[in-house]
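Labels below follow one simple rule: chain letters A, B, ... track the order of the sequence lines, proteins then strands, and each chain is numbered from 1.
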Amino acid sequence: MSGFATSPPVRLLARIGALAIGLLAALGRVAMFAGRTIISIFAPPYYPARYLEQMAQIGWFSLPVVGLTAIFTGAALAQQIYTGGSRFNAQSTVPAIVVFGMVRELGPVLVGLMVAGRVASAMAAEIGTMRVTEQLDAMTTLRTDPFQYLIAPRLVAAMISLPLMVMIANAIGLFGGYLLSVEKLGFNAANYLNVTRQYLEWDDIVTSEVKAGVFGFFIALMGCYHGYHTRGGAAGVGRATTDAVVSAFILILFSNLLLTVLAFG
Amino acid sequence: MTEPKIALNDLAKAFGDKVVLDGVTLAVEPGESMAIIGGSGTGKSVMLKCILGLIQPDGGTIRIDGEDTTHLRGRARREVQAKFGMLFQGGALFDSLPIWRNVTFGLTRGRAMDSGRMRRLAEENLERVGLGADVLDLRPSELSGGMQKRVSLARAIAPRPQIIFFDEPTTGLDPIMADVINDLIRSLVEGLGVTAVTITHDMTSARKIAHRVAMLYQGRIIWHGPCDRLYDSRNPYVDQFVQGRADGPIQ
Ligand SMILES: Nc1ncnc2c1ncn2[C@@H]1O[C@H](COP(=O)(O)OP(=O)(O)OP(=O)(O)O)[C@@H](O)[C@H]1O
Ligand SMILES: [Mg+2]
């Protein structure tokens, strides 16, 4: 019988089982963490200054990198559609697909990924350092809840900032496409704008904003969660930072797929 | 007989299979100053963190003023925490905040209020630990290690708690500053009636500030007694420790 229990396929199954249980446990911990954060948003005392500070950190200071990404991507998108074989009807295809591509997918996903790289890592590093230097413990003994003072402001600020930034990135991206089409590909400017307006639909904008809010939630959640659970000195902070960015990327890309299928499938 | 201020009964804590506290029983009376000694890594800091509610013990009870606080959470926990001040071993200053906001954090609880009054309060409390107003607007990273420790001490005493825990208050200070801190702890106890628990490796300091000394070894309190018995405890472990000998029952 012992031969059966240790045979390679059984061992493999056991490994997969252990992995699945570990994954479920981690999901449970993240869900508890999110629940505790959401409750602490509504409980006094309130820290308006912390919310504003985080809005500036997440939104305002991310604008340059987000703007650059959007304009280059919008222009590159226009060029690809033009070269990509629809030259026979380019005048209407290029602006239409730039609108779909930018607003439905690239705008929110690119902003999500850029901000995740910038902000989730910073959150994990900052909160993680506070954990390993006992600043979180000190805060608790001074009767201030780190969930209220540190984590809730980050979550709320990310969920407000991301939709605003995606709105801006979409506009800049469309402008990038317009610029390249008119200046380099010789499109008629008025006509391009007309087609853009015609294909720019309210539903797509709403979807774009919903995606942005969800991505903002995941970015702050992963940054704070990994920071809060940091262990083991400087190396631990390094690990937390990497884990925060990688898990935020995966959650953004996966939830984007889900939302796309839900909205357009 | 009055209730002890702090009463630990059979307190146990393990991390994984590593047993750190293995049945700690200890009582600290109101207005008493107690020193805890013991080797590095014997769980002295863990014991304080259990009392503070930062670490959940696996077993045993903690009573503060007779109230069982072992499993308190949320609002009830914060009410008990109002009685405590804590000087962390590493200082644990908030490095994103200037010194004066650090010192007054226990009063403002992180809110921006009444800056004028708070700055004055910060100045008063810094003066008690031997620091001047010139550090008010600096950041913790701009101070030396000993200065950080003293700012942290000022932060712990600023809300005027009834019970203060000092985790190695004189480590890393020069002998004169160490004595200033010893005097401060004495005056808190004698002048304000604070109950103090101090972890220390500094026997001079222990003898100066404490009424009683307890020794933690292998997860238990193996000896406690009045301060003047420290050097004739007739306990071979305590003897070896206070005399700092490498040979003896402690390996
Ligand atoms: N959060 C934790 N997770 C795992 N192990 C821990 C944790 N905190 C403390 N320990 C372990 O518990 C033991 C006791 O640690 P503690 O910090 O209480 O020692 P100490 O008596 O204060 O020593 P020192 O005098 O050097 O400060 C150590 O072996 C430490 O590794
Ligand atoms: Mg310690």
Looking at Gly106(B), Gly85(B), Ala92(B), Gly90(B), which one has more heavy-atom pairs under 4.5 Å with chain A than the rest? Ala92(B)
For [X], does the [atom1] atom have more than 12 heavy-atom neighbours from other residues, nucleotides or ligands under 6.0 Å away?
X         : atom1 : answer
Met113(B) : CE    : yes
Glu142(B) : CD    : yes
Phe33(A)  : CZ    : yes
Phe15(B)  : CZ    : yes

Under a 4.5 Å heavy-atom cut-off, does chain A meet the side chain of [X], its backbone, both or neither?
X        : result
Ile55(B) : neither
Ala82(B) : both
Leu93(B) : backbone

Name, in order of residue number, those residues of residues 41-55 of chain A that have a heavy atom at a distance of less than 4.5 Å from a heavy atom in chain B; otherwise write 'none'. Pro45(A), Tyr46(A), Tyr47(A), Arg50(A)
Can you check whether anything in residues 134-164 of chain A gets within less than 4.5 Å of chain B, heavy-atom wise, and list it by number? Glu134(A), Gln135(A), Asp137(A), Ala138(A), Met139(A), Thr140(A), Thr141(A), Leu142(A), Arg143(A), Thr144(A), Asp145(A), Tyr149(A)
